[in-house]
*Asks:* 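Okay, handing you the structure first.
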Amino acid sequence: MRSSPVSRTRVAILISGRGSNMMSLLEAAKAPGFPAEIVTVISNRPDAQGLARAQAAGVPALGIDHKAYPNRESFDAALDAALREARVGIVCLAGFMRLLTPRFTESWSGRMINIHPALLPSFKGLHTHERALEAGVKIHGCTVHFVTAEMDVGPIIMQAAVPVLEGDTPERLGARVLTQEHVIYPAALRLVCEGRARIAGERVAVDEFEVATQALVVPGA
Ligand code: GAR
């Protein structure tokens with residue numbers, strides 16, 4: 001007789017575009033022992049490339065077109081209903097480019113995470129790689145954080161840093177960051193699903209997790 005499988009957290013991924021972070025989460029969730037199962041992918045843009053990629057990967061994919069709703073509240077209510085229908089425990093925003101209402105973020109508080117292509121609290125919002133280059137920072141990166149009512153603000157779970165190199169374009173720098181996004185998002189989701197990333201005020205306390213201690217300093221020896 002086979003032993004019963006360990007229960008995994010039911011996860012929804014919300015996207016608006018190509019879905020490369022979604023693919024990294026889907027890939028990670030295939031591993032035996034990964035504590036999450038991706039039960040649905042939802043896009044506010046029915047033509048999002050990521051929806052087709054999710055379908056091709058055999059994951060239920062749903063377009064909820066925000067333009068079909070008169071206001072943010074009614075769109076968020078439809079989104080909330082779809083998530084509850086799918087009995088979702090954790091929501092991952094992965095390139096979901098639509099502001100959510102405080103009512104929605106509060107009702108998913110502690111159960112919704114986001115990936116942002118910058119080292120928060122620097123460079124909230126859009127065009128992060130262009131702005132990092134303009135600012136002349138030497139280190140850039142990405143952040144996974146719990147979602148709160150304010151955009152790109154919320155307790156930080158994990159960050160990865162990359163060097164900004166001479167001659168970088170936003171595209172080159174963005175590609176270097178994206179590679180790290182695909183590393184930290186599955187790792188952060190694992191921590192959250194295993195209950196090892198707990199919100200303590202503005203911060204996240206992480207239990208029993210070995211953090212690489214090598215600091216990245218650029219330029220450096
Ligand atoms: C990613 O770089 C993600 O960090 C960013 O959008 C991109 C989506 O790419 N998200 C934000 O800017 C949210 N503030 P993907 O669809 O290939 O994952």
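If you're wondering where the values come from, they're calculated on a predicted model, not measured in any experiment. Remember, it's 1-based here, ligands and their atoms both numbered in the order they're listed. These numbers come from the heavy atoms of this one structure, side chains and all, not from hydrogens, waters or symmetry mates.
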*Asks:* Quick test of your reading: applying side-chain hydrogen bond (donor to acceptor under 3.5 Å, both in side chains), list the pairs with at least one residue in residues 117-131, sequence neighbours left out, ordered by first then second residue.
*Replies:* H129-H140
*Asks:* CZ/R10 to CD1/I38 distance, rounded to the nearest 0.5 angstrom?
*Replies:* 11.0 Å
*Asks:* Which heavy atom of the protein is the closest neighbour of atom 14 (N) of ligand 1, given with residue, atom name and distance?
*Replies:* H116 ND1, 3.2 Å
*Asks:* Output a table of donor-acceptor pairs, distance under 3.5 Å, between side-chain atoms of residues 15-25 and any protein atom two or more places apart or on a different chain; print 'none' if there are none.
*Replies:*
residue	atom	partner	partner atom	Å
S16	OG	N44	OD1	2.7
S16	OG	M97	N	2.8
S20	OG	H182	NE2	2.9
N21	ND2	E181	OE1	2.9
S24	OG	N21	O	2.8

*Asks:* Tell me whether R18 has any N or O atom under 3.5 angstrom from an N or O of ligand 1.
*Replies:* yes
*Asks:* Can you establish whether the number of heavy atoms outside R172 located under 6.0 Å from its atom CZ is more than 12?
*Replies:* yes
*Asks:* I'd like to know whether ligand 1 has K124 as a neighbour, heavy-atom separation below 4.0 Å.
*Replies:* no
*Asks:* Looking only at non-hydrogen atoms, find the nearest pair between H116 and F123 and report the distance.
*Replies:* NE2-O, 2.7 Å
*Asks:* To the nearest 0.1 Å, how far is atom 16 (O) of ligand 1 from its closest protein heavy atom, and which atom is that?
*Replies:* G19 N, 2.8 Å
*Asks:* Can you pull out the closest protein heavy atom to atom 1 (C) of ligand 1? Residue, atom name and distance to 0.1 Å, please.
*Replies:* E181 OE1, 3.2 Å
*Asks:* Return the CG to CG distance between D76 and N71, rounded to the nearest 0.5 Å.
*Replies:* 9.0 Å
*Asks:* Between the candidates A48, P117, G95, which shows the shortest non-hydrogen contact distance to atom 11 (C) of ligand 1?
*Replies:* P117
*Asks:* Does G50 come within less than 4.0 angstrom of ligand 1, counting non-hydrogen atoms of the residue?
*Replies:* no
*Asks:* With a cut-off of 4.0 Å, which atoms of ligand 1 are near a heavy atom of D152?
*Replies:* 14 (N)
